[in-house]
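First comes the structure, then the notes that go with it.
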There are 2 protein chains.
Amino acid sequence: MAQVVQSATETTDPRVLRSRRMLMDSLLALLRKKEFEDISVQEIADEATLNRATFYLHYPDKSALLQAMTDLRFRELIERRGISFSDCDGALRAIALGVCDYLTETTGCPSQLAKMSLEGSIIPVVEGMFLEGLSHHAIAPGADPAMLAATAAWAIFGAARRWFQTRDRIPAEQMAAKIEAMVKPILLSAAPA
Amino acid sequence: MAQVVQSATETTDPRVLRSRRMLMDSLLALLRKKEFEDISVQEIADEATLNRATFYLHYPDKSALLQAMTDLRFRELIERRGISFSDCDGALRAIALGVCDYLTETTGCPSQLAKMSLEGSIIPVVEGMFLEGLSHHAIAPGADPAMLAATAAWAIFGAARRWFQTRDRIPAEQMAAKIEAMVKPILLSAAPA
DNA sequence: CTGCTAATGCGACACTTGTCGATTATTTGG
DNA sequence: CCAAATAATCGACAAGTGTCGCATTAGCAG
């Protein structure tokens, strides 16, 4: 997997921090005007007042930038909510709500959602949260935490995605409750005997 | 969504059938040698002994070809198994097994799996199968079949994907049983009171 | 303050992409 | 069997992509 491996990316150099932030801001601004596929690297660089070569110095392509930006923004959104892993029921609903909100927030105008690259970057984050949450619990001997986390994360995302694509959709809070009801059994299936 | 809308694609003209089959075969052959992103439309056309313009006559881009090919091959695999919607328990396990098998079958050599575009094309197919299966049942008033189908499909795929990425993985049949156990509650949550 | 290092700017490159109009080949219906 | 319809070929185009080498600048350590 080549997702979310930016561990070697940790820099303190204000130049690279500035460049990356400007690139993300630029992409976000452009996404409000046009579809992702219709945005060129040159446009992103121009909007950021950076050279196109500088872009490639930080991201292999525009999808990587989108992934990094999505990852960052979703983590911020969740952190802003202050998910507590002490009460898991609340965490599950909060994560579901976070995914719903994130979809509506980031994909403002167009049917930007169709792009898997945008969507997919949220799943590993959610997966990591479940993995962290599961580590605080005893689970049945045969169960695999990573498997449970992956299944739950993909299920939540699939549900949230479907909800978002629905016209005249119910409120996000209500949807989060439905998602919780559907997904909770997955996690409970690993409860110790 | 622009996925799996090929309804207008039904043709009997032997020329287009031949072209499309050759394009799919070419892509499949090339995928055994290199990554999807490293394959150009020109290469696919060359391998198929077709003109590049002919490619664009059938698919808007190479991702569309990949989607169409994945869709076709997965449907064939499932059909070969003869999924019966009369007993749903069997169908659920069979679909899960189909997804597992498909992952191992199509992504033979490289870590081709990382590509969402390849993976994602299976989900709508699975979703459609659940939708079909659910249409034969009475469900609770508040439940939405499309939502259930989407959630179950994504959950299955997420689980199968995780399984496939695991080294020294358990047999597909065993995994399918685990998936069934995890996913069944999602569908049961809509059982009529 | 002064280097050294590394990030950025710049221009160029070979290549890919998606599209177009014109021409040739194939299928199908009458 | 012929003629209209449509698919495939070909060459060309503007635009975008990813990568270079090299010059310039900004940050950081001594």
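Since this is a predicted model, take the numbers as computed values, not measurements. Protein chains get the first letters and strands the later ones, always in sequence-line order, with residue 1 at the start of each. What you see below is based on every heavy atom in this structure, not just the backbone, and it leaves out hydrogens, waters and symmetry mates.
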| message | Tell me if a side-chain donor or acceptor on A:Thr49 pairs with a main-chain N or O of A:Ala45 at a distance below 3.5 Å. | response | no

| request: Tell me which nucleotide among D:dT19, D:dG16, C:dT17 gets nearest to the side chain of A:Tyr56. | output: D:dT19

| How close or far is atom C1' of C:dT19 from atom CG of B:Asp61, stated in whole angstroms? | 14 Å

| N-O pairing of B:Asp13 and B:Arg18 below 4.0 Å | no

| note | In short, the helix from C:dC1-D:dG30 to C:dG30-D:dC1 is bent end to end, axes from five pairs each side, to 10°, by 30°

| So does B:Arg52 reach the base of C:dG18 with its side chain, donor to acceptor, closer than 3.5 Å? | yes

| request: Specify the separation, in whole Å, of atom NE2 of B:His58 and atom C1' of D:dT6. | output: 11 Å

| Under 4.0 angstrom between B:Ser19 side-chain N/O and D:dA8 OP1 or OP2 | yes

| query | What integer distance in Å separates B:Glu37:CD from D:dT17:C1'? | reply | 14 Å

| field | d(CG, B:Leu57; C1', D:dT6) in whole Å | value | 10 Å

| Considering only side-chain heavy atoms of B:Ala53, which listed nucleotide, C:dG18, D:dG11, D:dA7, is closest? | D:dG11

| query | Does a donor on one side chain and an acceptor on the other come within less than 3.5 Å for B:Gln67 and B:Asp71? | reply | no

| message | Quick one: does any side-chain atom of B:Lys34 pair with a main-chain N or O of B:Ile39 as donor and acceptor, under 3.5 Å? | response | no

| field | Atom-pair distance (CD on A:Gln42; P on C:dC10), nearest Å | value | 11 Å

| field | A:Asp46 CG to D:dG16 P, straight-line distance once rounded to whole Å | value | 10 Å

| note | Quick note, B:Leu50 side chain, CB onward, closest among C:dT27, D:dA8, C:dA7 is D:dA8

| query | When the distance from CG of A:Leu65 to P of D:dT17 is rounded to whole Å, what number comes out? | reply | 12 Å

| field | A:Glu43 side-chain N/O to A:Ser40 backbone N/O, donor-acceptor pair under 3.5 Å | value | yes

| message | As a test of understanding, state which of A:Thr151, A:Leu187, A:Ile186 forms a side chain to side chain contact (heavy atoms under 4.5 Å, CB included) with A:Phe130. | response | A:Leu187

| request: Assign each of A:Thr54 and B:Glu43 to its nearest nucleotide of DNA chain C by heavy atoms, then name whichever residue's nucleotide is nearer the 5' end. | output: A:Thr54

| Does a distance-only test, which skips hydrogens and angles, find a donor-acceptor pair under 3.5 Å between the side chain of B:Arg15 and the base of D:dA8? | no

| Presence of salt bridge, B:Glu173 and B:Arg93, under 4.0 angstrom | no

| query | Atom CG of B:Asp38 to atom C1' of C:dC15: distance rounded to whole Å? | reply | 13 Å

| request: Between B:Phe55 and A:Asp13, name the one whose nearest nucleotide on DNA chain C is closer to the 5' end. | output: A:Asp13

| message | Which nucleotide wins on minimum distance to the side chain of A:Asn51, given the candidates C:dG9, C:dT17, D:dT17? | response | C:dG9

